[in-house]
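See structure below.
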Amino acid sequence: MADDEEGPGAPSPTEVQERVLRYWEATGVPARAYGGRPDGPIFRFTDGPPGVNGPPHLGHTEPGTLKDVQLRYRRMRGDRIVSAKAGWDCHGLPVEIAIEKKHGLKSKREIEAFGVEAFCEECRATALDYATVWREMARRQGYWLDYDRPYRTMDAPYIESVWWALKTLFDRGLLEKGHYVLPYCPRCETTLSSHEVAQGYREASDPSVTVRFPLEDAPRDLLVWTTTPWTLPANLLVVAHPDREYAVVRRPEGRDVVLASDALPRYFPEGAEVVARLTGRELAGAAYRPPFSAAGPGPGRYRVVLDGFVSATEGTGLVHCAPSFGPDDYRIGAREKVGVFDPLDSRGVFGEAVGIVRGRSFKAADPILLHDLAARGLVVRSETLRHTYPFCWRCDHALLYRAIDSWFVRTSRITDALVRHNRATRWIPPYLRDGRFGNFLTEAKDWALSRSRYWGTPLPVWVCAEGHPTCVGSFAELAERSGAPLPPGFDPHRVTVDRIVLPCATCGAPSRREPYTIDVWFDSGSAPFAQYHYPFEPGPFDPAAPLDYVSEAIDQTRGWFYTLLVIATAIFDRPAFRVSLTHEFLLEETGRKMSKSKGQVLEPLALLDRFGGDAIRWLFLSQDFTAPIRVGPTTLEKAGHRTLGTLRNVVAFHLENAAADRLPPAGSAPAPDARLDRWLLSRLEATREDVTAALEAYDPRPAATALRELVDDLSTWYVRRSRPRFWAPADRPDRRAAHATLSYTLAEVARLFAPLAPFTAEWVFQEVRGTRFEDAEASVHLAGWPARGAERDRTLEAGMAELRALVEVGRELRQRAGVRSRIPLAELVLFGEASAELEGLGAEGLELLGDELHVKRVIRVPAAARANYPEAAWAVREEGGRPIAAISRTPSPELLEEGLAREVARRLQQARKELGLRYLDRIRVTVSAPGALGAALRARRSSLASDLLAEPFEIVAEPLEPGPDVRSWDIDGTRVSARIVRAVPTDPRAGAGP
RNA sequence: GGGCCCGUAGCUUAGUUUGGCUGGAGCACCCGGCUGAUAACCGGGAGGUCGUCGGUUCAAAUCCGACCGGGCCCA
């Protein structure tokens, strides 16, 4: 700040950020800080690995901020961070889809023609395409992790650890093959897990049709409702509810129809003729003609069966059942032993079995099938329904549910343990534990783990012709079982691993690898141990210890949080994490959802450049991030302003003031006498307590609030009230005490801010301590967390709060008296007994009050007679019918004069400022003021001159000639003008200027 | 249809767990003041059916119930 290029005032947030980044990078501060103190208590953390084959959006800065606050706090506290590694999620469909697009590949057949090995190589090459952009975003928001040595889910050691985990599950009977109905993406030609599906629900229009199923042995038709006409060719059964009543309704247009009685109003006008009523049970067994004959005959097919799942609120109470295409359908089909019929190929296209839609994709078959049914008079009603439907979370294609072979993690067998371990974790906000997350656990379905894809961790299971599985848990085991050493630099991906044939562990017959990769969420859920190549290499991972802290967005209740818990429970039988801090998504400034697919994305790097990382951090931290937060240029502009901007300005004031007399930074904690100083130190300690408690509790919100209030107090009370002390000569003890107190406080404030606003905090710390951004050791982030400071003086804090309330009362009285603050008033009277707290401030308190309100005398009158203070002479404030305070209304001529002289002084100060002068710049002044005002000025000439650093300071009666150096004002009807000239130019360039 | 969360001034919100003074504050607006760091600050004004209705209570933004509206998750 001593540089002459830098003018007075605080630097912009961007300047602060640039300066700090340069310092950090030049001296290597982050690398020293990442891991915390090597011998400190362990703080277990894992960064959830983002997929980085695409660019980040602004929303990704929010979890980074919340993680970073806690990590910085822990480091300053002296903890060892395990681990401080960044991680990248490298596998999976997002990467594959990018390569498919690049080469115009449209199906798995085309990928195989292209060559799986080459395809995977390209996936590997592009998986981290945007890692540098992500890293840059972290850099500019001040998210400190080790990005030089990240863990990567595609690395061989990582995969080996995942294999170890899978083998552990396999040995415990928790990894099995099954044939179930699963969500399936026909474009990607693979199954998805339920938590992947959960990410992709959206509004869609589908047909809603009611179709006649004619009964074989009665002149009646069953009315069957469906929203998926394409499943009708696969129909094998109709399901009725056993206990509901069904009605047989006479229809003029054709045969009688059967439907649930309570569905009648939805289909027919009141008064429809009901010819019979019967229960579902009585319907059971009735045979019908299926709408299409594709599936062909089979035992038990095409009859009414019973089940309780039939909905009472939708449809006809008679449900079409195609066992291939729905979980309930499958269950009922299996129970009734009618087999399955699936006319679709792996791409969801109809084959030969259903001639009229052969070659059509499943959804495209709907209108053709409906047309055919209508032509046969079987369609009773056909409408369009808007409802939520699942789409592929990565390629956006409509999903279907189909029965298919898949490998499962049997999460349904460990539900109790999942629930128990979840109960031992702390969620912020707390309702997630038993709410959204807890509910999901109790309903946990088996985790469909396998994917029929290419770029992923290969499922380490080999199967012989007999179907015996052999699970491999390490590369050594693979080599041993296969009887041949693995090639040097063995890469476990497809196709290399597919070529390895093993003897079956059960029967010795040759076994081939199951051609699946696994769900990428198993990769990321393994991160806490796989990043250390556990259990193959020594490392800090402790199988008994949950992570101390994770933080992600709310959607991860179905994603990473979930897979972490499943894996921790199934393998280590413990909770996955002690504390989860979960935030809601960001909204655009307009309140709309931030969408990555719809363009209009706020470019995070540009915004971070423009407003600085601390602005966006503060935006998240000072609001309730458990609710959606709106972000945009306008909100960011304001975000850091109030608190961080004010702090920068206090520091700028302090620096300039200290530089003026070359006062050194405070060393240790000062022990000042002045009440104002002691009050500030007490407030500082109170804030330290609050911030520490908040961060100990993992919730930065109260910390941000406490810091904001401290900065407010610092700026609007401490500095303002201390101004005369700061202007005093440098050898005055009071000046030194004020300086030391402010210097010390600002350095401590910097440490308290460091976890939340690391750039601003670093700048404050360096500037206030005069360390000049030179030495890594001097970084605030290596400075340690503030220890307990001076004992709080709660009486003083309360007394000062009361005093400030009295100032507000006084201001109101002045307003009512109609006298501007610049004109001193004679007397302020306080009525009644002072509180003990206020009493504690002593005479100094009253002086301070008088000073602040510009009143010559403040007295306290215990027992007041209201009549002694008539309205004409006094403005009186009453509360509850009793007078609280009174101020004398009318200033004497002397007071008036003093006020006017002050007014002139103020305008001259204003002029100094407008001329861009610094504290120590001297000026030459000639003031023209007539009559009494002139006399008043003359009487105060010497003090005015020294205040204004004006020499000479002349006062004349005659008007000044107008000119460029002359300003003139009208002060309460008196014409005043002044010529102000810089005495000695401080800046050579300014001196040579125009 | 089920679960969870939310609804306080034009906007952002504190207060709700544990019922109690006149429901605070910031931004924006109007009037006034102050200002040798500040896009700062201070006083006054205007702006509130505390989503609606009902209940409990001496007392309800706060507790209970129903409903309305919004969001998210799941069927």
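Below, all heavy atoms of this structure are taken into account, side chains as well, without hydrogens, waters or symmetry copies. In the text below, chain A, chain B and the rest are named by the order of the sequence lines, each starting its count at 1.
Both A/Leu714 and A/Asp328 lie near RNA chain B, and the one whose nearest nucleotide falls closer to the 5' end is A/Leu714.
One side chain, A/Asn657 or A/Arg735, offers a donor N or O that lies under 3.5 Å from an acceptor on the other. Using modelled atom types, one finds a donor on one side chain and an acceptor on the other under 3.5 Å when comparing A/His320 with A/Thr231.
Residue contacts shown for A/Arg902 are limited to sugar-phosphate atoms, with no base heavy atom under 4.0 Å away. Heavy atoms of A/Thr716 sit under 4.0 angstrom from primed sugar atoms or phosphate atoms, though from no base atom. Residue-level contact check: A/Arg723 touches the bases, meaning some heavy atom is under 4.0 Å from a base atom. At the heavy-atom level, A/Val719 lies under 4.0 Å from base atoms of the strands shown.
Only the P atoms considered, B/C6 is 30 Å distant from B/G47, to the nearest whole Å. Separation of the C1' atoms belonging to B/G51 and B/G7 is 6 Å when rounded to the nearest angstrom.
When the side-chain nitrogen and oxygen atoms of A/Arg906 are compared with OP1 and OP2 of B/U35, one or more of them lie within a distance under 4.0 Å.
Base pairing analysis places B/C4 opposite B/G71; the two distances defining the Watson-Crick or G-U wobble pair are each below 3.5 Å.
By the 6.0 Å and 45° rule, A/Arg402 does not stack over the aromatic ring of A/Phe325.
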Taking only nitrogen or oxygen atoms into account, show me every contact under 3.5 Å that the protein makes with nucleotides 9-14 of chain B, one pair per line with its distance.
unit_1	atom_1	unit_2	atom_2	d
B/U12	OP1	A/Arg630	NH2	3.4

What are the atom names and distances for every N/O pair under 3.5 Å that joins the protein to nucleotides 3-7 of chain B?
unit_1	atom_1	unit_2	atom_2	d
B/G3	O2'	A/Asn439	ND2	2.2

